[in-house]
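Values below: all heavy atoms of this structure, side chains included; hydrogens, waters and symmetry mates excluded.
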Amino acid sequence: MYAVIFRATIAELDAGYLETAARLKELAFTKYGCRDFSSVTEGNEELAISYWDTEQQIRDWKNDPVHRLAQKLGREKWYRSFSVEVCEIVRRH
């Protein structure tokens with residue numbers, strides 16, 4: 001199993017962001033096999049963690065056209081900065 005950790009410093013979130021985030025979450029689960037997703041925002045910091053069975057699912061998700069557009073808007077409008085880490089889970093308790 002793999003986890004994708006998304007961290008961002010928020011610039012400005014608008015109604016378009018909220019609509020896009022909801023659509024992306026639905027796509028991740030229904031089309032790409034996301035197992036779980038959690039996010040939290042505190043101040044201007046956002047942290048989201050999603051769980052996947054394979055790295056290929058993560059690559060496919062990253063390259064989805066709707067997700068690509070959201071990435072572009074994130075860079076241009078919604079976030080001051082962000083990072084993505086892909087981690088393999090070796091143990092769960």
Side-chain angles (χ1 to χ4, degrees):
M1 180 168 280
Y2 295 85
V4 176
I5 303 168
F6 174 82
R7 294 175 186 252
T9 301
I10 298 167
E12 177 185 338
L13 302 183
D14 56 17
Y17 169 84
L18 296 174
E19 292 169 14
T20 301
R23 184 170 181 207
L24 289 174
K25 185 175 177 180
E26 180 183 338
L27 272 174
F29 279 103
T30 61
K31 188 173 180 182
Y32 295 101
C34 181
R35 293 289 195 175
D36 195 13
F37 176 86
S38 300
S39 66
V40 64
T41 301
E42 186 173 320
N44 68 340
E45 300 296 320
E46 179 179 335
L47 174 67
I49 304 173
S50 57
Y51 295 91
W52 307 81
D53 289 326
T54 69
E55 285 184 277
Q56 186 61 52
Q57 289 173 315
I58 296 166
R59 280 190 291 275
D60 292 345
W61 165 240
K62 179 184 178 202
N63 292 314
D64 177 89
V66 175
H67 193 197
R68 294 293 255 183
L69 177 58
Q71 292 168 45
K72 181 179 185 296
L73 290 169
R75 284 189 299 274
E76 294 174 354
K77 184 176 183 179
W78 296 326
Y79 300 118
R80 284 194 189 107
S81 63
F82 65 89
S83 67
V84 178
E85 298 172 76
V86 177
C87 310
E88 186 171 10
I89 298 171
V90 296
R91 184 176 17 260
R92 288 181 89 162
H93 300 276

Item to complete: Indicate the atoms forming the closest heavy-atom contact of Asp64 with Val66, along with that distance.
Response: OD2-N, 2.8 Å

Worksheet item: Any chance CD of Glu85 has more than 12 other-residue heavy atoms, nucleotides or ligands included, within less than 6.0 Å?
Response: yes

Practice prompt. Answer with yes or no whether the hydrophobic clustering places Val40 together with Phe37; edges join I, L, V, M, F, W, Y residues whose side-chain heavy atoms lie under 4.5 Å apart.
Written response: no

Item to complete: Quick one: closest heavy-atom pair of Trp52 and Ile58, and the distance?
Response: CG-CG1, 3.5 Å

Discussion item. Once rounded to the nearest 0.5 Å, what's the spacing between atom NE2 of His67 and atom OG1 of Thr20?
Written reply: 10.5 Å

Discussion item. When you compare the side chain of Ile10 with that of Glu45, does any pair of heavy atoms fall below 4.5 Å?
Written reply: no

Discussion item. Taking Tyr32 as the starting point, is it possible to reach Leu24 by hopping between hydrophobic residues whose side chains are less than 4.5 Å apart?
Written reply: yes

Worksheet item: Taking a hydrophobic cluster as the set of Ile, Leu, Val, Met, Phe, Trp and Tyr residues connected by side-chain heavy atoms closer than 4.5 Å, whether directly or through intermediates, do Phe82 and Val86 fall within one such cluster?
Response: yes

Practice prompt. Taking all heavy atoms of Lys77 and all of Ala11, pick out the closest pair and write down the distance.
Written response: O-CB, 3.6 Å

Worksheet item: Does atom CZ of Arg68 have more than 12 heavy-atom neighbours from other groups under 6.0 Å away?
Response: yes

Worksheet item: Met1 versus Asp53: any side-chain heavy-atom pair under 4.5 Å?
Response: yes

Worksheet entry | Tyr2 and Gln57: side chain donor to acceptor below 3.5 Å | no

Worksheet item: Quick one: does Gln71's side chain have a donor or acceptor within less than 3.5 Å of a partner on Lys62's backbone?
Response: yes

Worksheet item: Between Trp61 and Val4, does a side chain to side chain contact (heavy atoms under 4.5 Å, CB included) hold up when you go through it step by step?
Response: CA-CA 11 Å; Trp61 165 240; Val4 176; over 6 Å; no

Worksheet item: Can you get from Tyr79 to Ile49 by hopping between Ile, Leu, Val, Met, Phe, Trp and Tyr side chains that sit under 4.5 Å apart?
Response: no

Item to complete: Of all the heavy-atom pairs spanning Glu12 and Trp78, show the shortest one and how long it is.
Response: O-CD1, 3.1 Å

Fill in: Cluster link Leu47 to Val84, ILVMFWY, side chain under 4.5 Å
no

Worksheet item: Any chance CZ of Arg59 has more than 12 other-residue heavy atoms, nucleotides or ligands included, within less than 6.0 Å?
Response: yes

Worksheet item: Roughly how far, to the nearest 0.5 Å, is OG1 of Thr54 from CG of Asp60?
Response: 7.5 Å

Item to complete: Identify the heavy atoms of Cys34 and Phe29 that sit nearest to each other, and give their distance.
Response: O-CD2, 3.1 Å

